[in-house]
Trainee: 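Can you read through this structure? Questions will come right after.
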Amino acid sequence: MIEQYQRLDKRVQKWLFNQGWPDLREIQKQAIPPILAGDRDVLISASTAAGKTEAFFLPACSAIAEEKHGFGILYISPLKALINDQYRRLESLCEMLDMQVTPWHGDSLQSKKKKARSNPSGILLITPESLESLLVREAGWVKQSFTPLKYIVIDEFHAFIGTERGQQLLSLLTRLEHITNRISNPIPRVALSATLGELEKVPLSLRPNKSLPCETITSSKHQSTIKVQVKGYLEPVNITANDSRPLAEQQICQEIFRLCRGDSHLVFANSRSRTESIAAQLCDLCEQHVVPNEFFPHHGSLAKELREDLEARLQKETLPTTAICTMTLELGIDIGKVNSVLQVTAPHSVSSLRQRLGRSGRRNSPSILRILISENELSDKSNLVDGLRLELVQSLAMIRLLIVSNWFEPADTEQMHLSTFLHQILAVIAQWGSVRADQLYSLLCQQGTFKEISIQHFKQLLTHMGTVRLIQQLNSGELVLGLEGERITNSYTFYAVFKTPEEFRIVSGSKMLGTLPVDSLILKDQHIIFGGRRWKVTDIDDDKKVIYVTSTKGGKPPKFNGSGMSIHDKVRQEMLNIYRTGDYRIEAGNQKIDFVDNIGRQLFQEGAYFFKEADLEKNPIYQNGKHCYIFPWMGDKVVNTLTILLIRSGFVCNSFGGVIEINNSNADDIKNSLLDIAKHGIPNETELAKILSIQQKLIEKYDDYLPENLLTEGYGRKAFDSTAARQWILSNLT
DNA sequence: GACCTGCTGCGGGGTG
């Protein structure tokens with residue numbers, strides 16, 4: 001058998017030799033034949049730093065080495081920072097091949113774009129938004145320079161699946177194949193991705209019309225050792241609060257200081273506000289111990305400069321550095337590996353926990369994960385929900401799903417993405433000038449990715465878009481942009497399909513620290529924590545949207561806003577499983593491994609006790625005085641559905657953390673009401689969504705241009721699951 | 001009690 005290595009271009013082989021790598025990794029060898037074949041899609045799925053990028057580029061560059069006119073490879077990334085990283089990594093290889101590489105995004109140099117525009121060739125590194133802008137504004141040039149394309153490669157593909165942005169990306173790819181006459185002879189797509197749940201479903205997300213086969217390559221290498229520990233903390237509740245910080249959080253900060261100082265770590269704190277609070281406390285601790293600060297915050301509202309300083313410091317590995325961060329350090333930005341990962345408060349999903357864990361584990365040392373959870377001390381005012389220690393048990397369930405079941409959340413691919421569909425209708429009309437309705441439907445829904453949109457939906461939407469002047473129909477029947485459509489598509493803000501809130505900039509002297517949402521209610525003279533430091537607000541300019549600050553002591557982190565994240569059925573079911581058996585330990589051979597510390601174990605025992613006392617295994621509805629609680633142990637879609645069914649029947653209730661609270665009610669009434677609904681026909685998702693006001697259903701960027709019935713249907717699908725809710729009622733309340 | 005991402009073309013001013 002020919003060594004796969006020999007099939008690469010001679011200059012690529014030479015480059016490999018110069019790198020001094022002992023051998024190609026397993027996935028890199030496996031990827032060579034299907035990439036060189038160039039007649040199929042390829043999914044390369046492996047953890048961070050497993051060499052996925054090279055697995056694609058080594059053979060792909062070999063295949064396009066002789067092409068001189070037009071782009072050979074289109075690389076698409078969700079992040080500008082990742083494009084810059086890849087550009088640096090590709091430079092030496094492409095120099096060897098005398099191949100042009102062009103980074104193309106909002107911040108990349110005009111000179112580089114100009115050069116590529118007059119002489120398109122080699123590799124183009126781009127974001128979906130920049131690709132959208134090219135299609136809308138320079139379709140003629142795109143047709144010319146993209147026709148020779150041999151590969152389209154998408155990095156961090158998991159970050160796109162099931163999202164508005166992912167839907168736009170797939171639609172862009174179809175439009176690209178259409179404009180280059182490649183619909184019947186499709187351009188191979190390669191997806192690079194972290195390990196995904198339900199891998200076999202991913203090819204359908206990469207090419208919904210299945211016009212090319214897909215080969216999947218996964219790293220067979222056994223996972224390195226994982227060390228996990230959960231630690232519990234107790235928050236006293238009856239202390240009269242003068243504005244001091246929560247005691248448990250102070251203890252957690254001391255623990256982080258003790259564990260992390262002197263090495264490099266990542267601390268995931270789940271919210272920007274908590275990230276800031278912890279970073280500032282750690283900075284204070286450094287000051288108290290008279291040592292240089294090595295703890296810095298990293299989140300989406302922080303100025304790019306501050307973030308990049310921290311990323312560079314982590315990557316250099318010369319100074320010990322701990323980043324307190326949100327999911328901004330979860331994706332593939334090149335920061336090297338850290339000694340360990342800490343998670344403060346329960347993770348939001350098993351898949352993100354897995355991504356986070358993958359950031360640790362240096363040079364054959366194990367991946368280390370510590371989860372720090374605080375729960376409130378119980379008092380006579382506490383109720384069952386406090387006693388169950390839900391956050392702790394959710395963390396335990398997620399660890400078990402990650403390690404024992406090797407399971408993580410699959411993406412929700414059943415959504416209609418109406419906001420993005422409307423965007424794509426406008427984009428296609430802007431691109432062509434005018435287009436017939438049947439051409440639009442064929443391109444976007446039949447060949448394209450909007451499979452959940454029926455002809456009826458489409459007609460209704462076009463009619464409504466006419467009414468609100470987004471589009472108009474010519475006598476010939478062709479559709480063109482209307483006044484409002486012209487206005488929207490002419491603005492540079494058109495290219496992104498996701499919504500961003502209006503923000504203030506925070507400025508100290510001449511330095512921009514970051515941004516805050518306009519509704520975070522900051523007042524003059526207020527003390528705030530931002531960028532891990534303490535500031536006093538000196539002035540607020542409402543017109544220019546600037547908050548001026550100066551350095552000070554004291555203060556609290558500001559409020560940021562955001563929508564909640566939903567928990568999957570499987571996580572809540574695993575929680576139920578842990579409560580039922582009273583055991584969270586992990587079996588290894590014939591012993592059971594306990595990975596929880598003493599306080600955590602006591603908290604868990606309390607939770608298990610409350611579960612038993614309330615007899616929740618047999619009775620999911622618990623009566624507490626005048627109020628009732630339902631514990632469905634199901635994901636948020638089912639919880640939402642049960643909640644809205646009860647509201648519809650006249651109960652006053654709300655849900656949080658998977659538990660439904662019903663005021664002034666009685667368990668039998670609730671039970672009978674739900675059983676009655678389940679037996680006499682449960683309303684479908686759209687009917688349930690009708691109960692909510694329009695305002696409550698406006699979520700995505702272009703939702704306010706949708707006709708009300710489509711908005712309602714799209715929202716219903718996203719929020720509710722009538723079938724699963726009915727199933728739950730019938731099997732748990734009878 | 002709550003995450004993240006991105007986009008243009010041009011005019012004005014400063015610097016080499």
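Just so it is clear: chains get the letters A, B, ... in the order the sequence lines come, proteins before strands, and each one is counted from 1. Since the structure is predicted, the reported quantities are computational estimates derived from the model, not experimental observations.
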Trainee: Using whole Å, what does the distance between atom P of nucleotide B:dC7 and atom NE2 of A:H423 come to?
Mentor: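 Value for this atom pair: 13 Å.
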
Trainee: Would you indicate whether A:Q696, at its atom CD, is surrounded by more than 12 heavy atoms from other residues, nucleotides or ligands within a distance under 6.0 Å?
Mentor: yes

Trainee: Check whether more than 12 heavy atoms from other residues, nucleotides or ligands sit under 6.0 Å from atom NZ of A:K499, and answer yes or no.
Mentor: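 More than 12 heavy atoms, drawn from other residues, nucleotides or ligands, come within 6.0 Å of this atom.
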
Trainee: A:T328 near the nucleic acid: base, sugar-phosphate alone, or nothing, with a heavy-atom cut-off under 4.0 Å?
Mentor: sugar-phosphate

Trainee: Nearest whole angstrom, please: distance from the P of B:dG1 to the CG of A:L390.
Mentor: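 Checked: the CG to P distance equals 14 Å.
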
Trainee: Give the rounded distance in Å between these two atoms: NE2 of A:H348 and P of B:dG1.
Mentor: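 So the NE2-P distance, A:H348 to B:dG1, works out to 12 Å.
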
Trainee: To the nearest Å, how far apart are A:F160 CZ and B:dT5 P?
Mentor: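 The distance from CZ of A:F160 to P of B:dT5 comes to 13 Å, rounded to the nearest Å.
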
Trainee: Return whichever of A:F656 or A:S491 has its heavy-atom-nearest nucleotide of DNA chain B closer to the 5' end.
Mentor: A:F656

Trainee: Is the shortest side-chain N to carboxylate O distance from A:E138 to A:R117 below 4.0 Å?
Mentor: yes

Trainee: OP1, OP2 of B:dC4 versus side-chain N and O of A:R165: anything below 4.0 Å?
Mentor: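 No, no such contact exists.
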
Trainee: Whole angstrom is fine here: how far is it from CG in A:L135 over to C1' in B:dT8?
Mentor: 16 Å

Trainee: Pick base, sugar-phosphate or nothing for A:H105, based on heavy-atom distances below 4.0 Å to the nucleic acid.
Mentor: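 Since only primed, P, OP1 and OP2 atoms lie under 4.0 Å of A:H105, the category is sugar-phosphate.
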
Trainee: Examine the side chains of A:T420 and A:E164 and answer whether a donor and an acceptor come within less than 3.5 Å of each other.
Mentor: yes

Trainee: Can you check the A:I567 CD1 to B:dG1 C1' distance for me, whole Å?
Mentor: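 These atoms are roughly 12 Å apart.
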
Trainee: Can you confirm whether A:K559 is buried at NZ, in the sense that more than 12 heavy atoms of other residues, nucleotides or ligands lie under 6.0 Å from that atom?
Mentor: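 No, the 6.0 Å shell around NZ holds no more than 12 heavy atoms from other groups.
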
Trainee: Is A:E132 salt-bridged to A:R175, cutoff N-O under 4.0 Å?
Mentor: yes

Trainee: Quick one: which of B:dC4, B:dT5, B:dT8 gets closest to the side chain of A:Y495?
Mentor: B:dT8

Trainee: Which residues in residues 298-308 of chain A have at least one heavy atom lying under 4.0 Å from any atom of DNA chain B?
Mentor: A:H299, A:G300, A:R307

Trainee: Return no unless some side-chain N or O of A:S133 is found under 4.0 Å from OP1 or OP2 of B:dC7.
Mentor: no

Trainee: How is A:Y492 classified with respect to the nucleic acid when contacts are heavy atoms under 4.0 Å: base, sugar-phosphate, or nothing?
Mentor: base

Trainee: Considering only NZ, NE, NH1 and NH2 on the basic side and carboxylate oxygens on the acidic side, decide whether A:K570 and A:E409 come within less than 4.0 Å.
Mentor: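 Answer for the salt bridge query: no.
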
Trainee: Where do A:S171 and A:Q424 land on the side-chain hydrogen bond (donor to acceptor under 3.5 Å, both in side chains) test, with the steps shown first?
Mentor: CA-CA 8 Å; A:S171 186; A:Q424 287 296 291; 2.8 Å; yes

Trainee: Before accepting this row, confirm whether a basic side-chain N of the pair A:D636/A:R572 lies closer than 4.0 Å to the acidic partner's carboxylate O.
Mentor: yes

Trainee: Between A:T345 and A:F498, which is nearer to the 5' end of DNA chain B once each is assigned its nearest nucleotide?
Mentor: A:T345

Trainee: Out of B:dC3, B:dG6, B:dC7, which has the shortest distance to the side chain of A:S130?
Mentor: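 Looking only at side-chain atoms, A:S130 lies closest to B:dC7.
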
Trainee: What residue among A:R274, A:R307, A:E276 forms side chain to side chain donor-acceptor pair (under 3.5 Å) with A:H299?
Mentor: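 Answer after filtering A:R274, A:R307, A:E276: A:E276.
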
Trainee: In whole angstrom, what separates A:L134's CG from B:dG6's P?
Mentor: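 The answer, rounded to whole Å, is 16 Å.
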
Trainee: Just to be sure I understand the rule, does A:N270 reach a base, reach only the sugar-phosphate, or reach nothing, if contact means heavy atoms closer than 4.0 Å?
Mentor: sugar-phosphate

Trainee: Within this structure, what is the CD1-to-C1' distance between A:I488 and B:dC7, rounded to whole angstrom?
Mentor: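 In whole Å, B:dC7 C1' lies 15 Å from A:I488 CD1.
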
Trainee: For B:dC7, does either OP1 or OP2 sit under 4.0 Å from a side-chain N or O belonging to A:K80?
Mentor: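 For B:dC7, OP1/OP2 do have a side-chain N/O of A:K80 under 4.0 Å.
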
Trainee: I'd like a table of atom pairs between the protein and nucleotides 9-16 of chain B - only N or O on both sides, under 3.5 Å - with the distance next to each one.
Mentor:
residue: B:dG9; atom: OP1; partner: A:R137; partner atom: NE; Å: 3.1

Trainee: Is A:T127 close enough to B:dC7 that one of its side-chain N or O atoms is under 4.0 Å from OP1 or OP2 there?
Mentor: yes

